[in-house]
Visitor: 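Got a structure for you, written out below as structure tokens; questions coming shortly.
Note that this is a predicted model, so its numbers are computed, not measured. Lettering follows sequence order; numbering is per chain, from 1.
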Amino acid sequence: MNEQQLTQPFYARRACTVAADLLGKRLVRLWHGRRLSGIIVETEAYCDSDKPDLACHGDRANGGRPTERTAVMFGPAGLAYIYFTYGMHWMFNIVTGEPGQANAVLIRALQPDEGDEVMAVLRNGRSRIEWTNGPAKLAQALAIDKSLNGTNLCHPDGVIWIESGCQVAASEISTGPRIGLGQTPEPWLSIPWRYWLQGNRFVSK
DNA sequence: AGCACGATTAACT
DNA sequence: GTTAATCGTGCTC
């Protein structure tokens with residue numbers, strides 16, 4: 001396949017740039033010796049640079065200072081920031097930008113590729129379209145939970161990383177406001193920091 | 001110590 | 001379209 005693991009310089013850029021560039025890349029999870037993977041088809045940027053983003057955990061909590069939960073976001077680019085929400089769901093993010101800033105990209109949807117049988121089981125026998133078409137769904141399908149929080153995606157012998165995947169043209173990318181921000185104030189509520197592959201069936205509903 | 005809420009999903013009507 | 005599920009986190013008292 002000639003796939004190549006992405007290295008830290010890829011992640012050490014503005015969150016919006018990384019979010020757009022991640023489309024078409026392959027997220028790989030090594031689980032019990034099996035490769036589970038999917039092509040990234042939907043992402044969201046949180047805190048693009050040094051400017052505050054009141055939708056971002058890192059800027060919302062503790063006056064923008066790190067907390068136990070958000071500390072990873074303030075660390076170096078290329079780490080996994082994984083958090084728990086709604087009492088049952090895990091969310092998989094990638095830290096971007098420079099240390100000291102709470103920048104990250106949320107992976108919202110994948111197109112399943114490798115490990116179909118395993119993903120079907122992890123997703124409780126649901127239909128293929130439901131395996132990874134949402135942030136909590138893909139975390140479950142790839143067995144991602146708190147134990148991977150802070151993992152370095154650039155480590156050559158890790159259990160989760162991203163590969164070069166396929167080339168995506170700018171004309172194939174759509175953008176729009178981020179999902180599920182609740183009572184987040186403007187302008188952050190409407191700023192178009194959600195990116196997806198136009199027309200892909202696995203983009204979240 | 002207690003409380004409100006969440007970067008969601010699934011199962012309802 | 002509506003709502004229950006379910007609990008870690010951060011904030012208030």
Visitor: Rounded to whole angstroms, how far apart are CG on A/Leu138 and P on B/dT9?
Guide: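 One finds 8 Å between P of B/dT9 and CG of A/Leu138, rounded.
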Visitor: Quick check against the 3.5 Å criterion: does A/Asp59 have a side-chain atom that pairs as donor or acceptor with the backbone of A/Pro52?
Guide: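 Flag not set: sc A/Asp59 to bb A/Pro52 has no pair under 3.5 Å.
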Visitor: Using a cut-off of 6.0 Å, state whether more than 12 heavy atoms not belonging to A/Lys51 lie near its atom NZ.
Guide: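 At most 12 heavy atoms, drawn from other residues, nucleotides or ligands, come within 6.0 Å of this atom.
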Visitor: Tell me what A/Arg69 touches on the nucleic acid: a base, only sugar-phosphate, or nothing, going by heavy atoms under 4.0 Å.
Guide: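 Touches sugar-phosphate only.
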Visitor: Just wondering, more than 12 heavy atoms not from A/Glu186 lying within 6.0 Å of its CD?
Guide: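 It does: A/Glu186 CD has more than 12 such atoms within range.
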Visitor: Using OP1 and OP2 only, check whether a side-chain N or O of A/Arg123 sits under 4.0 Å from B/dA10.
Guide: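 The answer is yes; a side-chain N or O of A/Arg123 sits under 4.0 Å from OP1 or OP2.
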Visitor: Toward the 5' end of DNA chain C, which comes first, A/Gly87 or A/Lys146, by nearest nucleotide?
Guide: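 The answer here is A/Gly87.
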Visitor: To the nearest Å, give me how far apart CG (A/Leu106) and P (B/dT8) are.
Guide: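 So the two atoms are 8 Å apart, to the nearest Å.
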Visitor: How long is the line joining OH of A/Tyr81 and P of C/dG8, in whole Å?
Guide: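 To the nearest whole Å, that distance equals 15 Å.
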Visitor: For the pair made of CG in A/Asn124 and P in B/dT8, what is the distance, rounded to whole Å?
Guide: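 These atoms are roughly 20 Å apart.
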Visitor: Could you check how far NE2 of A/His89 sits from C1' of B/dT8, rounded to whole Å?
Guide: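 Those two atoms, NE2 and C1', are 4 Å apart.
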Visitor: Need one value for A/Gly182: base, sugar-phosphate or nothing, where a base atom within 4.0 Å counts as base even if backbone is also close, heavy atoms only.
Guide: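 The answer is nothing, as A/Gly182 stays clear of every strand by at least 4.0 Å.
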Visitor: Counting only heavy atoms not in A/Arg201 (residues, nucleotides, ligands), do more than 12 fall under 6.0 Å from its CZ?
Guide: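 Not buried by this count: 12 neighbours or fewer within 6.0 Å.
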Visitor: Just wondering, do A/Tyr86 and C/dA5 stack (centres under 5.5 Å, planes under 30°)?
Guide: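 Here A/Tyr86 fails the 5.5 Å or the 30° condition.
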Visitor: Rounding to the closest angstrom, what is the interatomic distance between B/dC5 and C/dT3 at atom C1'?
Guide: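 Each nucleotide's C1' atom is 16 Å from the other's.
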Visitor: Relative to each other, are the rings of A/His57 and A/Tyr81 parallel, tilted or perpendicular (30° and 60° limits)?
Guide: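 Judged by the thresholds at 30° and 60°, the geometry between A/His57 and A/Tyr81 is perpendicular.
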Visitor: Among B/dA7, B/dA10, C/dC7, which is the nearest nucleotide to the side chain of A/Met73?
Guide: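 Nearest listed nucleotide: B/dA7.
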Visitor: Looking at A/Gln183, I'd like to know whether one of its side-chain N or O atoms comes within less than 4.0 Å of OP1 or OP2 on B/dC5.
Guide: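 A/Gln183 to B/dC5 OP1/OP2: no side-chain N or O under 4.0 Å.
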Visitor: Would you mind pulling out the nucleotide paired to C/dT6, Watson-Crick or G-U wobble, both distances under 3.5 Å?
Guide: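 Pairing partner, where one exists within any strand: none, as none qualifies.
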Visitor: Base, sugar-phosphate or nothing for A/Ala55? Non-hydrogen atoms, less than 4.0 Å.
Guide: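 Since a base atom lies under 4.0 Å of A/Ala55, the category is base.
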Visitor: Which nucleotide in the set C/dC11, C/dA5, B/dT9 lies at the smallest distance from any side-chain heavy atom of A/Met88?
Guide: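 When the side chain of A/Met88 is considered, C/dA5 is the closest of C/dC11, C/dA5, B/dT9.
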Visitor: Consider salt bridge (Lys or Arg N to Asp or Glu O under 4.0 Å). Of A/Arg34, A/Arg35, A/Arg128, A/Arg123, which one does A/Glu117 pass it with?
Guide: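 Going through the options one by one, the only one that passes is A/Arg34.
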Visitor: Roughly how many Å is it from CZ in A/Phe84 to C1' in C/dA5, rounded to a whole number?
Guide: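 After rounding, the reported distance stands at 11 Å.
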Visitor: Counting only side-chain heavy atoms from C-beta out, which of B/dA7, B/dG6, C/dG10 sits nearest to A/His57?
Guide: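 Of the options given, the side chain of A/His57 lies nearest B/dA7.
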Visitor: Taking atom P of C/dG10 as reference, at what distance in whole Å does atom CG of A/Asp59 sit?
Guide: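 The distance from CG of A/Asp59 to P of C/dG10 comes to 14 Å, rounded to the nearest Å.
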Visitor: Across the strands shown, which category fits A/Asn62 at heavy-atom distances under 4.0 angstrom: base, sugar-phosphate, nothing?
Guide: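 A/Asn62: backbone/sugar contact only, no base atoms under 4.0 Å.
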Visitor: Send over the distance from A/Tyr83 OH to C/dG8 C1', rounded to a whole Å.
Guide: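 In whole Å, C/dG8 C1' and A/Tyr83 OH are 13 Å from each other.
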Visitor: Would you say B/dT8 has OP1 or OP2 under 4.0 Å from some side-chain N or O of A/Arg108?
Guide: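 Checking B/dT8 against A/Arg108, a side-chain N or O does come within under 4.0 Å of OP1 or OP2.
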Visitor: Closer than 4.0 Å, any side-chain N/O of A/Lys137 to the OP1 or OP2 of B/dA7?
Guide: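 Answer no for this pair, as no side-chain N or O of A/Lys137 is under 4.0 Å from OP1 or OP2.
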Visitor: Is B/dA7 paired to anything, Watson-Crick or G-U wobble with both distances less than 3.5 Å, and if yes, which nucleotide?
Guide: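 Base partner found: none.
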Visitor: Could you check whether A/Arg126 gets within reach of a base, just the sugar-phosphate, or nothing at all, counting any heavy atom under 4.0 Å?
Guide: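 It contacts sugar-phosphate atoms only.
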Visitor: With rounding to whole Å, what would you report as the distance between B/dG2 and C/dT6 at their P atoms?
Guide: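 Approximately 22 Å lies between the P atom of B/dG2 and that of C/dT6.
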